[in-house]
Amino acid sequence: MKVYQANEIKNISLMGSSGSGKTTLVEAMLYESGVIKRRGTVEAKNTVSDYFPVEQEYGYSVFPTVIHAEWLGKKLNIIDCPGNDDFIGGTITSLEVTDQAVILLNTQYGVEVGTQNHFRYTDKHHKPVIFLCNQLDTEKSDFNKTVEQLRESFGSKVVLVQYPLNVGPDFNAVIDVLLMKMYRWKPEGGAPEILPIPESEQEKAADLHQKLIEAAAENDETLMDKYFEQGSLSEDEMRAGIRKGLVGRDIFPVFCVCSGRSMGVRRLMEFLGNVVPFVTDMPKPMTTAGVEVAPDPNGPTSLFVFKTSVEPHIGEVSYFKVMSGTLRAGDDLTNVSRNEGKERISQIYSVSGQNREEVEQLVAGDIGATVKLKDTRTGNTLNGKGCDYVFPLVKYPDPKYRRAIRPQAHGEEEKLNMILTRMHEEDPTWIIEQSKELKQTIVHGQGEFHLRTLKWRIENNDKLPIVYDEPKIPYRETITKASRADYRHKKQSGGAGQFGEVHLIVEPYVEGMPAPDTFKFGGQEYKISVRDTQEINLDWGGKLVFINSIVGGAIDARFLPAILKGVMDRMEQGPLTGSYARDVRVIVYDGKMHPVDSNEISFRLAGRNAFAEAFKNAGPKVMEPVYDLEVLVPSDRMGDVMGDLQGRRAIIMGMESVKGFEKLTAKVPLKELSNYSTSLSSLSGGRASFTMKFASYELCPSDVQDKLLKEYEASHKDED
């Protein structure tokens, strides 16, 4: 293969909702460019993309697939991104290493929630966008409605480059208003006839051509001046203006294609090769130190590993982008992300799905793969000698679905943990949590299908049967009023005994509250003299404030740390439900000790039990985690979604219309969101999406708290 330079490379993310036809389009592009000799189909499970067994099982893309095609002297690196929102991590990863997004639309459905979500991510990454209207040969295809929705959603920057002469089963021609030609195909697709525009379409085409010229000219002052002088622009000038508009996201061109019959594919690839930005046209990526890195083949060698996968018959494959310099087979690089480990790049591949072509070198801006690296993971930076670049990790959305996971058979926990660690490296949006608090292994993902895919892979690829359980909820306990208690621990069984007595007061703690002065319980007043204060930021949130108010040496200062340990014991296992306690102030004001029998364990037990008794009498309350929920839903399903949320104890915070959809924001207890991903998909026919993020801990309603207490009492005996 030819060694392509940065100004000959186009890196493109192929995006779109599930069912928009991305995998089929990839087949057509590879076939038309000669990479493959025969087009596969999703139904036959023989496509270049979607080659993993789990993808063939479900008929969905699960992982982003890297392919390349050579066209008109240019190298097109294309990443076929998963369409399902559960696998959005693959799309975000792809946008990190590409310079252009092509968003497919199924013209039967127009702009979907998935389209909105993908566009939003291109905006965050400031990547150019081309819209590609697909499946124009279907009965329900509606090109005009799709374009109307595009303009409603994304504004006047949406500009037609092509429109179909007809849609439906008889679709076979498009009018290209950039070249002012008609492209017409035979039923089998492939190379088109290029014909003059029919007289009946000339007025419409001329009007759209003029609008395209204006859109191209707006992005360059020189072109704008020429347009005002001459009233027109040449094809090359229009291409230059469109390219500049793409880089600045000032123009979103619309193309037409029928990927299943390979119609419009060659013209699309021609536009990708000639017009969309090169690597050198885009803003330079930044290192974690804020250094801009130019795609210079003569610069220091630096790679960013954006994907790791374990693939059939080959093992671990690392996919990378050459950020700087020239990578050659046999190069020794340093992994600056993992303790300066050394890695030898023994083989370099230019890849198309599971097809790999070995190459001797890749230059800055190119995308490739290598195998059998010792200690390199997704997100790592590999550098040549003298290079100190470190590229930032990809930021992914917060997870939306969680399940407790365990092996069916006892004794397989370690094996499962090893598998889960590897799975997280392949897909960082699978997040694994070993929860000491809940005594469960929790796996977090983007949705029910996301975790179902994980289960399928573990059971079918690794042959380890697993079970998903309902995860426990990380409740918190706190108090609502002040309370006093004392406890004497005394034990005598021959020899040295145990003795410790602690008197303490507990009260709710709020940040910034003044030091205590006096308390009154049962008609008796307790004056507080603060001798020492410790503020402890708890690992699980909130604070414990521990005040020493001992006077007259009732308890030796050396026993105070033991009392604090006893209090912390109970904070880690709250008296109500065994959950963590938080936001409590403890004042130790009196006690007794024995000159011989008092020791640390005695005061630890006394402090623990005094705190538990005081806590139970201080208006204890259970707090539950509450999440901010944002739902994007089609208007016709809004009522169903609202009704469902009201049944989940949701507090609706706001509603607004957003480009053809309704955006609903609410606060919802985590307990009520367990199956929300599945329910929302069912309610909306898969057309809605949501995000959730931890907001705060709030007091449980009394009926919920009573139920929790009864459940805890039924399953636990008093440990005191």
Side-chain angles (χ1 to χ4, degrees), residues 398-406 431-444 468-481 483 506-511 536-545 567-586 608 611-629 645 647-651 666-676 692-720:
D398 293 324
K400 299 183 286 191
Y401 193 81
R402 58 197 286 272
R403 281 292 177 267
I405 186 172
R406 58 183 171 86
I431 298 172
I432 315 304
E433 174 194 358
Q434 301 291 345
S435 177
K436 173 188 170 185
E437 174 187 2
L438 305 178
K439 299 178 176 62
Q440 291 179 315
T441 299
I442 309 293
V443 57
H444 302 258
Y468 278 148
D469 296 318
E470 189 75 19
K472 299 173 186 175
I473 301 298
Y475 293 107
R476 298 285 180 265
E477 298 180 18
T478 194
I479 53 177
T480 58
K481 64 180 183 179
S483 174
V506 299
E507 65 174 338
Y509 177 76
V510 178
E511 193 70 41
I536 301 165
N537 291 308
L538 302 169
D539 292 341
W540 51 88
K543 277 188 177 181
L544 167 65
V545 177
V567 171
M568 281 297 297
D569 288 343
R570 246 354 194 158
M571 291 287 286
E572 291 187 8
Q573 188 175 16
L576 295 183
T577 63
S579 304
Y580 290 141
R582 57 176 283 170
D583 300 325
V584 179
R585 183 153 69 182
V586 178
R608 180 176 187 269
F611 175 77
E613 184 179 338
F615 194 99
K616 289 177 180 177
N617 295 322
K621 291 289 184 182
V622 177
M623 304 172 76
E624 61 182 344
V626 173
Y627 277 64
D628 285 328
L629 185 73
L645 282 175
R648 297 176 185 272
R649 296 194 283 129
I651 300 174
K667 290 188 178 295
V668 191
L670 177 61
K671 173 72 174 174
E672 306 297 335
L673 291 172
S674 173
N675 64 343
Y676 190 64
M692 55 184 276
K693 189 172 185 178
F694 173 74
S696 61
Y697 271 91
E698 303 293 341
L699 295 178
C700 284
S702 56
D703 59 327
V704 175
Q705 175 165 319
D706 291 344
K707 184 179 178 183
L708 289 171
L709 266 58
K710 288 176 183 177
E711 289 175 353
Y712 184 73
E713 288 171 4
S715 60
H716 290 77
K717 292 181 180 179
D718 189 2
E719 297 178 4
D720 297 336

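We count residues from 1, following the sequence as given.
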inquiry  = One pair to check against side chain to side chain contact (heavy atoms under 4.5 Å, CB included): Asp569 and Phe611. What are the steps and the verdict?
reply    = CA-CA 10 Å; Asp569 288 343; Phe611 175 77; over 6 Å; no
- Can you check side chain to side chain contact (heavy atoms under 4.5 Å, CB included) on Gln705 and Lys621, steps first, answer last? CA-CA 8 Å; Gln705 175 165 319; Lys621 291 289 184 182; 3.6 Å; yes
Working for salt bridge (Lys or Arg N to Asp or Glu O under 4.0 Å), residues Glu624 and Arg649 | CA-CA 12 Å; Glu624 61 182 344; Arg649 296 194 283 129; 2.7 Å; yes
Exercise. Could you give me the CA-CA distance, side-chain angles and deciding distance for Leu576 and Tyr712, then say whether side chain to side chain contact (heavy atoms under 4.5 Å, CB included) is met?
Key: CA-CA 8 Å; Leu576 295 183; Tyr712 184 73; over 6 Å; no
Between Glu437 and Arg476, is a salt bridge (Lys or Arg N to Asp or Glu O under 4.0 Å) present by the stated rule, with each step listed? CA-CA 11 Å; Glu437 174 187 2; Arg476 298 285 180 265; 2.5 Å; yes
When you look at Val584 and Tyr509, which way does the side chain to side chain contact (heavy atoms under 4.5 Å, CB included) test go after all the steps?
-> CA-CA 5 Å; Val584 179; Tyr509 177 76; 5.7 Å; no
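With values rounded to the nearest 0.5 angstrom, Leu670 atom CG is found 11.5 Å from Arg648 atom CZ. Expressed to the nearest 0.5 Å, how far OG1 of Thr478 lies from CG of Leu699 amounts to 8.0 Å. Within the model, atoms CG of Leu629 and CG of Leu645 stand 6.0 Å from one another, a figure rounded to the nearest 0.5 Å. To the nearest 0.5 Å, the span separating CD1 on Ile405 from CD1 on Ile442 amounts to 10.0 Å. The distance from the CG atom of Leu438 to the OG atom of Ser579 is 8.5 Å, given to the nearest 0.5 Å. Atoms CD and CZ, from Glu613 and Arg570 in turn, are 11.5 Å apart once rounded to the nearest 0.5 Å.
Residues Ala650 and Ala666 come closest through the heavy atom pair CB-CB, 4.4 Å. Shortest non-hydrogen contact noted between Pro625 and Phe694 is CB-CE1, 4.1 Å. Here the closest heavy-atom approach between residue Gly619 and residue Thr480 is recorded as O-OG1, 2.7 Å. What you find for Arg582 and Gly541 is that their closest heavy atoms are CB-O, 3.5 Å. Nearest heavy atoms, Val506 versus Phe615: CG2-N, 4.2 Å.
Residues Thr441 and Glu433 bring no donor and acceptor atom of their side chains to less than 3.5 Å of each other. Glu672 and Ser674 share no side-chain donor-acceptor pair at under 3.5 Å. Side-chain contact, Arg403 with Tyr401: a donor N or O sits under 3.5 Å from an acceptor N or O. A donor atom on one side chain and an acceptor atom on the other are not found under 3.5 Å apart for Ser435 and Gln440.
The shortest distance between side-chain heavy atoms of Tyr468 and Val443 falls below 4.5 Å. Inter-residue side-chain proximity for Lys436 and Glu572 is flagged as met; some heavy-atom pair is nearer than 4.5 Å. By the 4.5 Å heavy-atom criterion applied to side chains, Tyr580 and Leu538 are not counted as neighbours. Proximity of Trp540 to Pro474: side-chain heavy atoms (C-beta onward) are nowhere separated by under 4.5 Å.
Taking 4.0 Å as the cut-off between side-chain N and carboxylate O, Glu511 and Lys543 count as a salt-bridged pair.
The neighbour count for Asp539 CG, taken as heavy atoms of other residues, nucleotides or ligands under 6.0 Å away, does not exceed 12. The 12-atom threshold is exceeded at CD1 of Ile536, counting heavy atoms of other residues, nucleotides or ligands nearer than 6.0 Å.
The side chain to side chain contact (heavy atoms under 4.5 Å, CB included) with Tyr627 is formed by just one residue from the set Lys667, Lys400, Met692; it is Met692.
A donor-acceptor pair under 3.5 Å is formed between the side chain of Glu477 and the backbone N or O of Thr577.
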